[in-house]
Amino acid sequence: QGLRDRILEVVPAADPFEALSEVRDAPPLEDAYLFGRRLRAVARAGRTAEAGRLLSRFGSPTPAEPSLEDVFVSLARQQAAAADPVAV
């Protein structure tokens, strides 16, 4: 599953910072951050549906195009994982 298929975003009806703090360390997510007022999440491979259900408590999640930062962070994580198979 490519990066493009794993990025979802939602515009929280309430405080986006509070929504971010609620999902930041959720197991189905590789990363979560704010992109303007939007809460953006990168699902772990194979867990996009679960990530969508998690985000749905804040609104209707939609697929999002990866930013350059998303691509960079994903590649850096892959390289770190390849260099140290114990690190995740």
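Being a predicted model, the structure only gives us computed values, none of them experimental.
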Please, which pairs that meet salt bridge (charged side-chain N to carboxylate O under 4.0 Å, His left out) have at least one residue in residues 56-68, sequence neighbours excluded? R4-E65, E22-R57
I'd like to know if L34 and I7 are part of one continuous hydrophobic network [Ile/Leu/Val/Met/Phe/Trp/Tyr, side-chain heavy atoms within less than 4.5 Å]. no
I need the single residue from T48, V23, L54 that forms a side chain to side chain contact (heavy atoms under 4.5 Å, CB included) with P28. Which is it? L54
What pairs meet the salt bridge (charged side-chain N to carboxylate O under 4.0 Å, His left out) rule with one or both residues in residues 25-38, with sequence neighbours excluded? R6-E30, E9-R38, E30-R77
Scanning both residues in full, the closest heavy-atom pair of A41 with L29 reads CB-CD2, 3.8 Å
Which residues satisfy the side chain to side chain contact (heavy atoms under 4.5 Å, CB included) test with S67, sequence neighbours excluded? Y33, R40, E69, D70
Mind listing the closest non-hydrogen atom pair of F58 and L39 along with its distance? CD1-CD2, 4.2 Å
Tell me whether V10 is reachable from F35 by hopping between hydrophobic residues (I, L, V, M, F, W, Y) whose side-chain heavy atoms are closer than 4.5 Å. no
Side-chain donor/acceptor pairs under 3.5 Å, residues 12-21, sequence neighbours excluded:
from : atom 1 : to  : atom 2 : distance (Å)
D15  : OD1    : F17 : N      : 3.0
S21  : OG     : E18 : O      : 2.8

Restricting to side chain to side chain donor-acceptor pair (under 3.5 Å), what partner residues turn up for E50, sequence neighbours left out? R47
